[in-house]
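Heavy-atom basis, side chains included; hydrogens, waters and symmetry copies ignored.
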Amino acid sequence: MASINLLYFFLSGFFGYVIGRWADNYLNFWIGDPHYLPDHWIYGLILMAVGLFAFESIFGLYVYSFGLGHFISDLKDCLNLKFYGSDGKQKNKRRFWHID
C-alpha cells in the first residue's frame with residue numbers, strides 16, 4: 001500500500017510540473033501574457049501551503065506534491081523573486097521540458 005501511495009505522490013508532482021510548464025509556455029500566450037497576474041510559482045506555493053494544512057489525509061499529501069511540481073516548473077522566477085509581470089518570452093524560443 002505504501003508503494004502505491006509513493007507512486008501517486010510522484011505522479012501528482014509530475015502532473016503539477018507538466019501543468020506548470022504548459023501554463024508557462026502555452027496559456028500565457030493564449031491569454032496575452034498579462035503583466036498584472038502573479039507568476040505561476042506562487043500558485044504552486046499556495047497549493048503546497050494548502051497541502052500542509054490537510055497533511056493528515058492522503059489527499060493533502062497529493063495536493064502538496066502537485067504544488068511542489070508546479071513550483072519547480074517556474075523555479076527560476078522564484079529564485080529571482082519575480083512575483084508578477086510579463087515573462088517576455090517569444091513563441092519560437094519556448095522550451096517545454098526544463099526548469100524555467
Side-chain angles (χ1 to χ4, degrees):
M1 187 63 157
S3 61
I4 290 292
N5 288 336
L6 187 64
L7 175 69
Y8 288 156
F9 179 80
F10 285 120
L11 281 176
S12 178
F14 177 73
F15 287 137
Y17 176 81
V18 168
I19 289 174
R21 294 307 308 146
W22 176 81
D24 196 36
N25 286 310
Y26 297 99
L27 185 63
N28 272 351
F29 291 111
W30 183 62
I31 63 175
D33 200 16
H35 66 282
Y36 52 85
L37 289 178
D39 259 20
H40 69 272
W41 67 268
I42 294 173
Y43 300 121
L45 194 65
I46 291 170
L47 285 171
M48 288 168 57
V50 168
L52 283 177
F53 284 115
F55 211 67
E56 287 112 15
S57 72
I58 196 71
F59 181 71
L61 187 65
Y62 298 148
V63 169
Y64 180 83
S65 175
F66 185 87
L68 181 63
H70 201 81
F71 180 81
I72 289 173
S73 73
D74 201 23
L75 189 60
K76 181 179 170 188
D77 286 344
C78 173
L79 294 176
N80 291 330
L81 294 178
K82 185 174 177 271
F83 293 99
Y84 64 92
S86 176
D87 283 338
K89 289 184 180 177
Q90 298 173 357
K91 272 190 171 183
N92 60 350
K93 297 199 180 207
R94 61 185 175 196
R95 296 180 301 174
F96 192 84
W97 294 110
H98 76 290
I99 296 173
D100 182 31

Quick one: pull up CZ in F15 and OH in Y8 and give me the separation to the nearest 0.5 Å. 11.0 Å
Taking every heavy atom of S73 against every heavy atom of H40, the minimum-distance pair comes out as OG-NE2, 3.3 Å
Mind listing the side-chain donor-acceptor pairs of residues 58-66 below 3.5 Å, one per line with the distance, residues two or more places apart or on another chain?
unit_1 : atom_1 : unit_2 : atom_2 : d
Y62    : OH     : N5     : OD1    : 3.2
S65    : OG     : F9     : O      : 2.5
S65    : OG     : G13    : N      : 2.9

Rounded to the nearest 0.5 Å, what separation is found between the NZ atom of K76 and the CG atom of D39? 11.5 Å
Value for OH (Y17) from CG (D74), rounded to nearest 0.5 Å, stands at 10.5 Å
Rounded to the nearest 0.5 angstrom, the CH2-CG distance for W41 and L81 is 6.5 Å
Find out if a path of hydrophobic residues (ILVMFWY) with successive side-chain heavy-atom gaps under 4.5 Å connects M48 to F53. no
Shared hydrophobic cluster, Y43 / I19 (ILVMFWY, side-chain heavy atoms < 4.5 Å): no
